[in-house]
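Shown next, in structure tokens, is the structure this report addresses.
Below, read A as the first sequence line, B as the second, and so on, with proteins coming before strands; counting in each chain starts at 1.
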Amino acid sequence: MAKVLVCVAWPYANSPIHLGHVAGSLLPPDLFSRYRRLRGDEVLMVSGSDQHGTPITVRAEKEKVTPLEVAERYHEINKKAIEDLDIEFSLFTKTHTENHFRVVSDVFLDLLQKGCLYEKSTLQYYCPSCQKFLPDRYVEGICPACGNEKARGDQCERCGKTFEGGELKEAKCVHCITVPELRETKHHFIKLSAFQERLIDWVKDKQHWRPSVQLFTQNWLEAGLEDRPITRDMEWGVPVPLPGQDGKVIYVWFDAVIGYLSASMEWAQRSGDPDAWKAYWTDPQVRSYYFLGKDNIPFHTIIWPAILMGRGGLNLPYDVPANEFLTFKGDKVSKSRGTTIDIPSLLKRYEPDIIRYYVAANMPENKDADFSWEDFEAKINNELVATLGNYYHRVLSFTYKHFGEVPEFKGASEDREEMMSAIREARDAAEDALDGCHFKRALKTIMDLAQFGNRHFDSVGPWALIKKDREQCGSALYLHLMLVKALAVLSSPYLPRSSERAWKFLGQVGTLQQAGWSAVEAELPAHQKLNEPKPLFSKIEVEKNEGDSVFGGFETLNLKAGRILKARDHPNADSLLLLEVDIGKTIQVVAGLKAYYTKEEMEGREVVVVSNLKPAKLRGEQSQGMLLAADAGEIVKLVSPPSGSRPGDAVSSGLKQSDRVIEFKDFQKLILRVAEVSGDHLDVGRAVKAKGPTELKGRKVVVYLPSEDAEEALVLSSERGPVTVDDAMPGGATVR
RNA sequence: AGCGGGGUAGGGUAGCCAGGACAUCCCGUCGGGCUCAUAACCCGGAGACCGGUCGUUCAAAUCGACUCCCCGCUACCA
């Protein structure tokens with residue numbers, strides 16, 4: 001029996017947790033902890049809501065409520081969602097607690113006293129009109145080294161030079177374009193550089209880490225560590241515990257990792273023994289595991305270890321099994337369909353075991369994994385329901401019907417040994433996988449065992465045997481009940497609820513959890529009464545929204561006909577033009593078309609505009625949309641709306657148009673192509689069917705393709721007809 | 001463009017670090033079996049030159065070099 005510390009990355013309290021959190025950092029530690037507990041280990045598993053930091057204050061400002069209100073709201077939502085998913089924390093707390101403040105302050109003061117922190121006076125930009133210090137990314141100016149005019153407050157992106165406050169020339173506040181003052185402000189820095197050698201040594205022999213984690217960390221360390229400021233000028237957060245530090249809080253990343261420690265202490269406090277946490281943190285024999293997503297790696301393999309080294313006397317991470325990301329191929333589409341993947345809504349429709357199974361089976365352990373509803377449905381129905389669920393049910397219901405109790409085993413010992421060795425082999429393999437945090441592999445081992453059960457059951461044929469030799473049949477069923485029990489135990493970290501139900505069907509006393517891992521092999525008492533079994537899992541049907549055409553992706557766009565009123569050079573860029581475009585209202589657009597069109601050619605031109613792009617600054621100038629243009633490498637031509645169009649006319653191809661603002665990168669994923677109209681089909685480099693007006697034979701139009709190999713293309717059009725492009729453009733040319 | 005990750009049958013995956021005999025499993029597909037079970041389960045077939053090129057080796061999906069493509073973050077990508 002050993003103690004294990006399991007730390008889970010703290011979900012940020014500004015939105016409900018979603019499947020990505022579950023796959024990345026929440027389910028793996030739960031699987032691990034449940035497994036270790038079943039084996040008799042004592043597990044302390046802690047996490048909580050990360051409630052500080054700018055995104056929360058931003059959200060609060062938007063909603064006109066306090067940051068605390070936002071942070072508490074999502075803490076409650078997420079805490080409940082986590083509980084409902086049967087993720088068993090020893091404690092799931094939050095960072096905005098008295099305890100956490102105290103622990104963070106203690107660590108801060110301790111490091112300060114040990115010389116790991118130092119105060120350094122820096123010049124920071126202060127915006128008099130916003131009345132606050134500006135985070136670096138909200139300041140822009142001219143780089144003193146290379147003359148780049150859009151350098152940020154902390155670094156010039158062009159030449160890579162980093163600098164401190166004051167070095168930047170002609171700085172501006174991004175929000176209000178006020179010229180910020182430079183004010184002197186003092187901040188505490190952590191001497192990361194001082195830990196570099198020790199960290200490199202420490203990481204070197206971490207061969208049990210996942211390769212990506214180890215490699216990533218090593219590269220990062222070898223590139224050299226710079227001291228980082230750990231405080232900032234802000235109100236929301238843990239105040240710097242020193243006199244004269246009003247208006248300064250501890251940076252959210254420093255504050256959050258200390259949460260592992262503070263949560264452990266809070267747990268100890270609540271358990272009645274305030275020192276109970278020490279057993280998990282100071283005994284070098286106790287291993288600590290940190291579960292997180294890959295975006296969080298450096299904080300847990302560099303910064304947190306540095307803090308721990310600085311403080312001394314506490315265990316460093318033993319393993320950091322970081323997962324990759326769960327991605328959403330149809331993310332945008334799913335949202336537009338109104339389907340969601342946040343956990344609270346998912347739990348309204350599916351049992352926690354269903355969600356747990358899917359996430360475990362599709363866990364992004366080595367590379368990003370893709371979520372799709374089709375895959376969700378398929379994995380649940382074909383694997384969980386058909387293989388495992390059906391095996392349970394055919395064994396349990398058959399035995400219940402013909403015996404009503406656990407039959408006696410009177411068969412050959414070879415038969416028994418065959419079954420038991422299959423069970424033991426699977427158990428050993430599952431243990432190996434689980435010990436190494438290979439959760440997908442362990443699950444597969446279990447499913448393979450269920451398949452073995454199905455095969456074996458078929459080969460014995462109890463339904464025929466019962467008519468010939470009841471005793472022999474009973475013996476065979478006994479072995480299958482053993483297998484059912486083994487499966488229930490082995491799968492219980494993944495499927496805690498259904499495993500307990502199976503346990504009850506077997507007529508077992510107590511709970512599976514109490515019985516523990518060793519119950520995999522334990523005998524079943526003959527004549528033990530069985531309970532009437534019900535199927536453990538039922539098939540699911542993912543609702544497919546009708547009315548959702550194959551061209552759903554196009555509906556995320558809002559295209560409008562427009563006219564260019566004015567064109568002038570971008571003040572800070574060689575290839576960009578600044579355009580005023582009338583699309584019913586006048587907007588400013590930055591276009592990278594200077595190499596292809598003169599200003600004179602542009603002015604007065606009819607264009608098609610993507611009007612719902614998230615506005616962005618391009619080299620300092622606001623761009624509120626973009627012009628559609630066809631690009632065939634050498635030649636680039638603007639796309640034209642149908643003749644007679646008026647600025648503001650919708651180019652919707654008869655479909656709905658989105659009011660939502662879309663990100664540029666999401667727009668880039670849409671496939672728009674030039675197509676030549678020939679007969680009733682289109683040529684986009686290959687022939688496709690057309691949806692929309694095709695009367696302009698021989699002309700070049702613009703189409704939307706749902707996918708690269710789609711068979712049907714949507715012709716972009718308004719009520720006045722299709723959108724066209726210069727005939728010189730070849731079919732298949734990209735439009736962007 | 002920079003950094004990171006990845007490319008294995010129609011789709012999705014395992015194996016790769018510690019190179020070896022028919023390349024794993026799931027779905028789909030084709031054919032067969034069974035009828036206890038939620039049209040489930042079982043058996044068999046077809047389907048992959050393991051992104052490409054070159055190299056190391058008796059032997060490479062696995063090691064090295066180069067190249068193409070994809071994804072994430074970053075960027076004067078609009």
Side-chain angles (χ1 to χ4, degrees), chain A residues 148-150 152 155-158 160 207-212 214-216 219-220 223 293-295 297 324-325 327 329 361-370 372 374-375 377-379 381-387 389-402 438 440-441 444-445 447-448 450-466 473 477 480 533-539 570 572-577 579 589-593 609-610 613-629 631 664-665 667-669 709 736:
Chain A
N148 172 19
E149 308 200 16
K150 203 192 167 189
R152 292 193 336 196
Q155 188 179 21
C156 170
E157 301 294 352
R158 187 200 277 177
Q207 264 112 20
H208 56 284
W209 286 15
R210 291 188 182 167
S212 61
Q214 214 255 355
L215 231 75
F216 182 87
N219 289 341
W220 188 297
K294 66 174 167 186
D295 50 336
I297 291 173
E324 309 286 311
F325 292 145
T327 60
K329 189 179 278 172
N362 198 28
M363 193 169 277
E365 281 174 355
N366 297 313
K367 55 185 165 197
D368 291 354
D370 220 15
S372 77
E374 291 71 27
D375 189 46
E377 185 178 296
K379 280 214 162 61
N381 290 346
N382 297 326
E383 297 175 23
L384 182 63
V385 181
T387 303
N390 186 244
Y391 175 69
Y392 275 142
H393 195 243
R394 65 196 300 209
V395 172
L396 289 168
S397 62
F398 189 88
T399 316
Y400 180 79
K401 193 163 128 196
H402 291 281
H438 303 296
K440 206 149 65 163
R441 190 191 302 165
K444 190 173 153 21
T445 301
M447 296 306 287
D448 286 347
Q451 194 174 18
F452 165 83
N454 273 317
R455 199 177 303 146
H456 191 279
F457 197 84
D458 269 26
S459 73
V460 170
W463 54 91
L465 201 54
I466 189 80
C473 181
L477 290 173
H480 278 279
K534 294 271 176 345
L536 284 173
F537 312 102
S538 354
K539 290 205 171 189
H570 190 293
N572 299 323
D574 295 337
S575 60
L576 304 180
L577 285 172
L579 308 172
V589 173
V590 179
L593 294 165
V609 179
V610 184
L613 270 186
K614 185 177 172 189
K617 287 215 170 177
L618 295 178
R619 292 219 55 152
E621 290 294 341
Q622 181 95 3
S623 183
Q624 298 165 298
M626 75 177 279
L627 312 184
L628 286 189
D631 182 349
F664 182 69
K665 62 178 176 185
F667 166 73
Q668 276 189 313
K669 289 178 191 158
D709 51 1
R736 58 181 182 91

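For the pair H438(A) NE2 and U13(B) C1', the interatomic distance rounds to 16 Å; values are reported in whole Å. We find that NZ of K440(A) is positioned 13 Å from C1' of G15(B), with the value rounded to whole Å. Atom NZ of K379(A) is separated from atom C1' of G12(B) by 6 Å (rounded to the nearest Å). When the C1' atom of G11(B) is taken as reference, atom CG of N362(A) falls 13 Å away, rounded to whole Å.
Taking atom C1' on both nucleotides, G47(B) is separated from U29(B) by 9 Å, rounded to a whole Å. U35(B) and G45(B) have their P atoms separated by 23 Å, with the value rounded to a whole Å. Taking atom C1' in both C34(B) and C41(B), the straight-line distance is 8 Å, to the nearest Å. Using atom C1' as the reference point in both A21(B) and A60(B), the two lie 14 Å apart (nearest Å). The C1' atoms of U8(B) and A23(B) are separated by 9 Å, rounded to the nearest whole Å. Across the P atoms, G7(B) and G52(B) are found 13 Å apart, a figure rounded to whole Å. When the P atom is compared between C26(B) and A65(B), the two are found 36 Å apart, to the nearest whole Å. Between G51(B) and G5(B), the distance separating the two C1' atoms is 16 Å to the nearest Å.
Place G389(A) and F452(A) on RNA chain B by their nearest nucleotides, and G389(A) ends up nearer the 5' end.
Of the candidates C36(B), G28(B), C42(B), C42(B) carries the atom nearest the N454(A) side chain, counting heavy atoms from C-beta on. Proximity note for T387(A) (side chain, C-beta onward) versus C41(B), C34(B), U38(B): the nearest is C41(B). Checking C41(B), U13(B), C26(B) against the side-chain heavy atoms of A386(A) singles out C41(B) as nearest. When distances are taken from the side chain of K444(A) to each of U35(B), C41(B), C25(B), the shortest belongs to C25(B).
Among the heavy atoms of the strands lying under 4.0 Å from N390(A) is at least one base atom, whether or not backbone atoms are also near. Residue contacts for L465(A): at a heavy-atom cut-off of 4.0 Å it reaches no nucleic acid atom on any strand shown. Note on P535(A): a base of the nucleic acid sits closer than 4.0 angstrom, heavy atoms only. Residue Y391(A) is out of contact with every strand shown, counting any heavy-atom pair closer than 4.0 Å. Across all strands, F457(A) comes closer than 4.0 Å to base atoms (heavy-atom distances).
Two residues are said to be in side-chain contact when any heavy atoms from C-beta on lie closer than 4.5 Å; Y391(A) and Q451(A) fail this criterion.
Within the structure, every side-chain polar atom (N or O) of Q451(A) is placed at least 4.0 Å from both OP1 and OP2 of C41(B). Distances shorter than 4.0 Å separate some side-chain N or O of R455(A) from OP1 or OP2 on C43(B).
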